[in-house]
Engineer: 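Structure below; questions to follow.
For ligands, and for the atoms within them, numbers begin at 1 and follow the listed sequence. Quick note: residue numbers are just sequence positions, from 1. These values consider heavy atoms only, across backbone and side chains, with no hydrogens, waters or symmetry-generated copies.
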Amino acid sequence: MDLPRPELALVPRPRRLSPRPGRFRIDRTTRLRVAPGAEAAAGLLRTYLAPVTGLRLEHADDAAFVLALDPLLTGLGEEGYGLTVGLHGVLLRAARPTGLLRGVQTVRQLLPYQAPVRPDGDGVDLPGVEITDVPAYPWRGMLLDVARHFQPVSYLRRFVDLMALHKLNVLHLHLTDDQGWRMPVAAYPRLTEIGGRRERSMAGPAGSGRFDSRPHGGTYTRAELTGLVAFAAARGVTVVPEVGVPGHVRAALAAHPELGNHPERRLDVWTHWGVCPNVLGVGDHVLDFFRTVLDEVMDVFPSPYLHIGGDECPTDEWEESPAAIARASREGLEGPRALHGWFMGRIADHVVRAGRRPVAWAENGTALPPECTVMSWRTPEHAWAAARRGHDVIHADHRSTYFDYARAPGPEEPLAQPGHVLDLRTAYGVELTAPPAEPALAERVLGAQGQLWTEFVTTPEHIEYLTYPRLCALAERVWDADGDWPDFRARLTGHEARLDALGVPHDTLPQRPATPTHAPV
Ligand code: ACM
């Protein structure tokens with residue numbers, strides 16, 4: 001196979017691309033014609049070009065580099081764009097502003113990735129090309145777990161920007177869990193004061209009994225999160241927050257014992273991994289508490305979707321609690337186990353009344369109200385079962401999208417989630433296509449996302465080593481559902497040079513910590 005011209009090694013692969021003769025030089029004389037509605041895209045383009053070229057790219061009505069919005073363009077949807085680069089000009093067009101933002105990322109990838117920073121230099125060349133591009137799926141996401149190990153907002157910005165480079169459009173921010181609560185809530189400051197730090201962490205897999213002895217933690221301010229939302233929006237990325245109920249809440253229970261099934265009990269922020277037996281109680285005060293929490297979450301995050309958790313909720317505490325048994329009976333449920341679906345229903349209802357759409361982790365969706373979008377994490381079969389029940393679904397099958405599994409077998413890989421190896425080919429193989437006998441299910445598929453759970457992951461370098469290049473594989477499949485593995489492999493070689501230039505440790509983890517290091521408290 002011919003290796004593609006390195007500068008055309010685009011990831012994800014555009015739907016239609018033909019090389020054109022010639023190159024367009026961006027230099028001190030270059031101006032942008034920014035048509036009405038294209039201002040945000042022009043701002044983003046300048047953000048990327050200024051450090052590489054030292055150029056300001058001011059507006060001029062007669063400029064040869066044009067960014068144009070044309071609502072009459074058909075077939076491009078919300079995110080599609082057309083890009084023509086020739087000797088005498090560049091034309092980036094889209095029907096919607098987000099399409100222009102996607103096109104800017106393509107221009108960014110077309111820039112020479114080893115370009116030195118030359119404020120007074122000759123400029124840079126874009127290769128001649130004709131592209132028409134449109135994504136296959138509207139939900140192209142990446143989960144980052146900042147609950148197990150905190151990362152500062154400065155790093156989240158870089159994470160978002162690298163996602164945007166690959167045309168991903170959803171950052172699923174996992175803000176709360178047994179091991180940490182990162183979301184500030186004005187009405188309940190103890191959530192972050194108590195729930196935002198823990199005494200130690202496991203240094204081995206769940207159940208290993210091996211711990212370190214380092215306290216660590218961190219919480220965001222409201223202003224930081226609002227700033228992150230704006231930074232992401234400027235790149236066409238939506239931040240979907242997750243505040244999970246009724247399980248994975250031990251940090252909240254440490255801060256507010258009255259939310260639990262044993263209000264008299266004092267729990268710490270969990271120092272173990274795995275499925276925690278402690279879950280929320282089912283009194284009205286618990287529902288009211290989380291309605292208040294979610295109101296603040298919705299205030300900070302304008303995303304149309306809100307993730308409300310729902311996974312791994314053992315029902316033992318409810319089965320032994322007279323209050324929970326009485327609640328189940330009052331609600332006409334079969335028994336306390338059915339309180340899970342009931343609880344999710346109450347919380348989902350609150351989200352729907354606020355005009356948002358609830359997303360929940362689930363298997364076939366039996367316990368969820370129909371308005372919940374199902375994030376299917378166990379097997380692709382569960383996604384299809386949920387779609388048959390009428391749910392919208394997002395593929396998050398752990399075997400192809402959990403990037404906390406090791407990238408390769410072997411002792412040289414850093415400590416990872418045991419039980420599976422998720423190599424690049426497996427990430428590229430994420431199942432998206434509806435079973436042939438049931439093509440109608442395809443309409444229910446919003447897309448797919450990668451997950452980076454951070455039980456063993458404490459540093460940005462480690463996050464990126466696990467994320468790249470597997471994210472590149474996922475990003476290509478959700479953009480171009482059919483994929484082409486040999487072609488992807490060939491382009492990835494060029495793309496990895498781009499990742500190198502951006503300082504992404506996609507190949508080796510440079511400073512592998514002998515023991516995990518944690519963000520200081
Ligand atoms: C999950 O992995 N518990 C969603």
Engineer: Would R407 pass as a cation-pi partner of Y465, given that its NZ or CZ must be under 6.0 Å from the six-membered ring centre and within 45 degrees of the axis?
Structural biologist: yes
Engineer: Does ligand 1 come near enough to E312 that some N or O of the ligand is less than 3.5 Å from an N or O of the residue?
Structural biologist: yes
Engineer: Which residue and non-hydrogen atom of the protein lie closest to atom 3 (N) of ligand 1, and at what distance in Å?
Structural biologist: D311 OD2, 2.7 Å
Engineer: Examine R148 relative to W273 and say whether NZ or CZ is less than 6.0 Å from the centre of the six-membered ring and inside a 45° cone about the ring axis.
Structural biologist: no
Engineer: List ligand 1 atoms under 4.0 Å from Y402, heavy atoms only on the residue side.
Structural biologist: 1 (C), 2 (O), 4 (C)
Engineer: E79 and salt bridge (Lys or Arg N to Asp or Glu O under 4.0 Å): which partner among R15, R140, R96?
Structural biologist: R140
Engineer: Do R182 and Y220 meet the cation-pi criteria used here (NZ or CZ under 6.0 Å from the six-membered ring centre, within 45° of the axis)?
Structural biologist: no
